[in-house]
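Read the structure below first, then the notes.
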Amino acid sequence: MEYQKAREYIDEAHRFGGKMGLGAIRRLLSRLKHPQEDLRFIHIAGTNGKGSVGAYLDAVLRQAGYRTGRFVSPTLYEYRERIQCSGEYISREDFGALMDPVAEALEEMKRAGEELPSPFEIETALSFLYFKEKKCSPILLECGMGGLNDATNVIGTADLAVLTSISMDHMEYLGDTLEKIAAQKAGIIKPGSAVVTCRQKPEAEQVIREVCGRMGVPLTVADCGEAEVFEADIRRTRFEWKGHSVTIHLPGAHQVENAVLALAGIDALRKKGYRITEKEIEEGFARTRWNGRFTVLGEHPWFILDGAHNPDAARKLRESIEMYFAGKRLIFLFGVYKDKQYEKIASILAPMASEIITMETPGDPRALPAAELAETVKPYNASVRTAGNLEDAVRQGRMLAGEEDVIVAFGSLSFAGEITRLASRLL
């Protein structure tokens with residue numbers, strides 16, 4: 001199947017798939033002869049930090065000679081970014097070719113009158129075929145949402161389960177308390193897995209401990225407060241933690257926490273027989289890049305892109321701004337989806353800015369209209385205006401900013417790719 005036809009086929013699945021649960025993807029994988037059963041996994045769930053932790057682990061494992069697979073959600077710049085082998089995106093040819101057996105299995109399911117999978121479930125199944133074909137091991141598998149009922153949780157077990165920072169998000173699907181959300185995230189924990197997590201809020205950590213105890217699996221809680229930081233600026237951070245000495249180049253006040261969690265994961269993998277030297281750890285961390293999370297797109301003025309789309313991520317963004325740009329004049333470009341806690345995000349960040357420009361992605365039905373978002377922002381900052389589209393927002397931001405000021409675009413990862421392209425052209 002040609003790549004574009006394969007994409008159209010998956011897009012069409014929005015019409016017939018999407019019911020919560022693992023029944024549909026299990027039946028699909030059964031018809032594909034269970035490719036996931038021949039793979040080894042590192043399973044990653046959490047509200048914030050999944051991509052950064054996955055990027056650190058992937059870089060270290062590749063440095064150690066492993067042919068990693070990576071399933072990323074959400075993607076920023078390119079659809080094929082979600083399925084990677086050794087850091088390379090799946091090719092258009094491979095994607096199209098692997099869609100043939102998947103489509104054949106889906107047609108069989110239609111004829112049998114069975115519940116059909118969602119686009120995300122189809123992509124997950126296709127990724128398993130790809131990773132098996134390319135002989136990838138291990139696979140860094142990111143949950144799309146939640147964990148317990150996430151399509152990725154169809155796997156039987158994992159060498160390592162990683163639980164990043166857990167906070168309130170997707171409440172309509174995962175539950176209206178932190179305990180319920182943590183229980184969903186902890187649903188990826190299975191017998192035979194080692195488990196690592198960062199310091200969580202007490203109610204979330206208690207849930208994780210209870211699940212690990214019930215499953216009889218070892219849990220490591222990585223405390224970034226034990227890290228000794230020697231240098232920290234927007235270009236690099238150098239620190240030590242439990243005998244590891246690393247330098248990271250992902251900026252953000254939260255990145256030490258993500259890096260420490262990844263180090264705990266590496267220690268757990270070593271206990272399971274993975275061969276990783278300290279030199280490979282140091283080089284892997286130094287090489288790690290992950291865009292869309294406090295990413296510097298320009299200087300004079302500074303232009304920062306951050307995917308903060310929930311209150312916890314907004315607090316971390318505020319900490320990073322205070323860490324690197326204390327006393328600077330700030331111009332915010334703010335756009336968000338309708339189903340997010342945008343008033344809470346506004347209450348956390350809006351008071352910091354001199355000017356705020358609200359924006360929306362044209363043609364995206366999930367996008368909150370810029371005018372509606374502006375009304376939400378006004379009680380927290382009256383200096384707010386709207387933009388007709390993303391390009392208009394970037395142009396307005398650049399017009400308002402002096403050479404020493406800071407422009408920060410945030411609220412959704414959905415526009416990260418376009419904002420990056422616009423910034424390179426307009427700054």
Side-chain angles (χ1 to χ4, degrees), residues 47-49 51-52 74 76 165 167-171 201 234 250-255 257-258 291-298 301-361 366-387 390 392-394 396-398 400-402 404-416 419-420 423:
T47 308
N48 296 306
S52 297
L76 300 186
S165 175
S167 60
M168 303 298 286
D169 200 9
H170 298 296
M171 285 92 75
K201 291 178 181 174
I234 201 165
L250 301 187
H254 56 289
Q255 283 301 341
E257 177 182 288
N258 290 334
N291 293 320
R293 285 75 173 177
F294 212 83
T295 301
V296 178
L297 299 182
W302 290 98
F303 194 116
I304 306 298
L305 173 66
D306 192 275
H309 59 278
N310 55 52
D312 185 56
R315 292 184 194 98
K316 289 173 178 174
L317 174 57
R318 183 180 66 191
E319 289 172 14
S320 297
I321 293 170
E322 290 170 344
M323 178 177 179
Y324 299 123
F325 299 121
K328 294 279 189 179
R329 181 170 173 270
L330 305 173
I331 294 93
F332 286 169
L333 314 184
F334 182 18
V336 72
Y337 277 161
K338 297 173 186 175
D339 59 352
K340 299 300 179 182
Q341 295 176 281
Y342 48 87
E343 182 166 5
K344 285 189 177 180
I345 296 171
S347 70
I348 293 164
L349 288 167
M352 303 180 76
S354 295
E355 303 277 353
I356 300 175
I357 301 160
T358 60
M359 57 187 178
E360 63 187 274
T361 307
R366 290 183 62 194
L368 182 72
E372 187 174 339
L373 181 56
E375 290 302 311
T376 303
V377 167
K378 277 181 182 176
Y380 305 102
N381 190 325
S383 298
V384 58
R385 61 181 75 187
T386 62
L390 300 183
D392 183 31
V394 174
Q396 286 194 49
R398 183 63 188 91
L400 291 169
E404 300 303 315
D405 297 338
V406 183
I407 303 168
V408 185
F410 66 91
S412 175
L413 288 168
S414 65
F415 53 63
I419 290 288
T420 301

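Keep in mind that this is a model prediction, so the values were computed, not measured.
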Original post:
Who passes salt bridge (Lys or Arg N to Asp or Glu O under 4.0 Å) against R315, sequence neighbours left out?
Top reply: none
Original post:
NZ of K378 to CD1 of I356: how many Å apart, nearest 0.5 Å?
Top reply: 12.0 Å
Original post:
Taking all atoms of both residues into account, what is the closest heavy-atom pair of G411 and V336, and its distance?
Top reply: O-CG2, 3.5 Å
Solution key, residues 342-354 side-chain donor-acceptor pairs under 3.5 Å, sequence neighbours excluded:
residue	atom	partner	partner atom	Å
E343	OE2	Y380	OH	3.1
S347	OG	K344	O	2.7

**OP:** Search all heavy atoms of L305 against all heavy atoms of I419 and return the closest pair with its distance.
**Re:** CD1-CG2, 4.1 Å
**OP:** Return yes if some donor-acceptor pair links the side-chain N/O of R398 with the main-chain N/O of A401 below 3.5 Å, else return no.
**Re:** yes
**OP:** Check E257 against S165 and note the closest heavy-atom contact, atom names and distance.
**Re:** OE2-CB, 3.9 Å
Subject >> Residues forming a ring-ring contact (aromatic ring centres under 6.0 Å, His included) with F325, sequence neighbours excluded >> reply: W302
**OP:** Report the distance from atom OG of S412 to atom CG of L368, rounding to the nearest 0.5 Å.
**Re:** 11.0 Å
**OP:** Examine distances only and state if a side-chain atom of E355 and a backbone atom of R385 form a donor-acceptor pair shorter than 3.5 Å.
**Re:** no
**OP:** Give the minimum heavy-atom separation between K316 and H254, together with the two atoms involved.
**Re:** CD-CB, 3.8 Å
**OP:** Check F334, F303, F294 against F410 for a ring-ring contact (aromatic ring centres under 6.0 Å, His included) and give me the one that passes.
**Re:** F334
Subject >> Flag for D312-T47: side-chain donor and acceptor within less than 3.5 Å >> reply: no
Subject >> Spatial distance of atom CG (D306) from atom OG (S320) [nearest 0.5 Å] >> reply: 7.0 Å
**OP:** Could you check if a side-chain atom of L333 sits within less than 4.5 angstrom of a side-chain atom of F415, using non-hydrogen atoms only?
**Re:** no
Original post:
With distance as the sole test, does R293 use its side chain to make a donor-acceptor pair with the main-chain N or O of N291 at under 3.5 Å?
Top reply: yes
Original post:
What closest approach, in Å, do L413 and G292 show between heavy atoms, and which atom pair accounts for it?
Top reply: CD2-O, 3.9 Å
Original post:
Distance from I304 atom CD1 to L297 atom CG, nearest 0.5 Å?
Top reply: 7.0 Å
Original post:
Taking it one step at a time, do L400 and I357 satisfy side chain to side chain contact (heavy atoms under 4.5 Å, CB included)?
Top reply: CA-CA 10 Å; L400 291 169; I357 301 160; 3.9 Å; yes
Original post:
Considering only heavy atoms from C-beta outward, does the side chain of L317 approach that of V408 to under 4.5 Å?
Top reply: yes
**OP:** Quick one: pull up CD in E404 and NZ in K328 and give me the separation to the nearest 0.5 Å.
**Re:** 4.5 Å
Original post:
Of all heavy-atom pairs between I407 and P301, which one has the smallest distance, and what is that distance?
Top reply: CD1-CG, 4.1 Å
**OP:** Kindly say whether A370 contributes a backbone atom to a donor-acceptor pair with the side chain of E360 at under 3.5 angstrom?
**Re:** yes
**OP:** With rounding to the nearest 0.5 Å, note down the distance linking NE2 in H309 to CG in D339.
**Re:** 9.5 Å
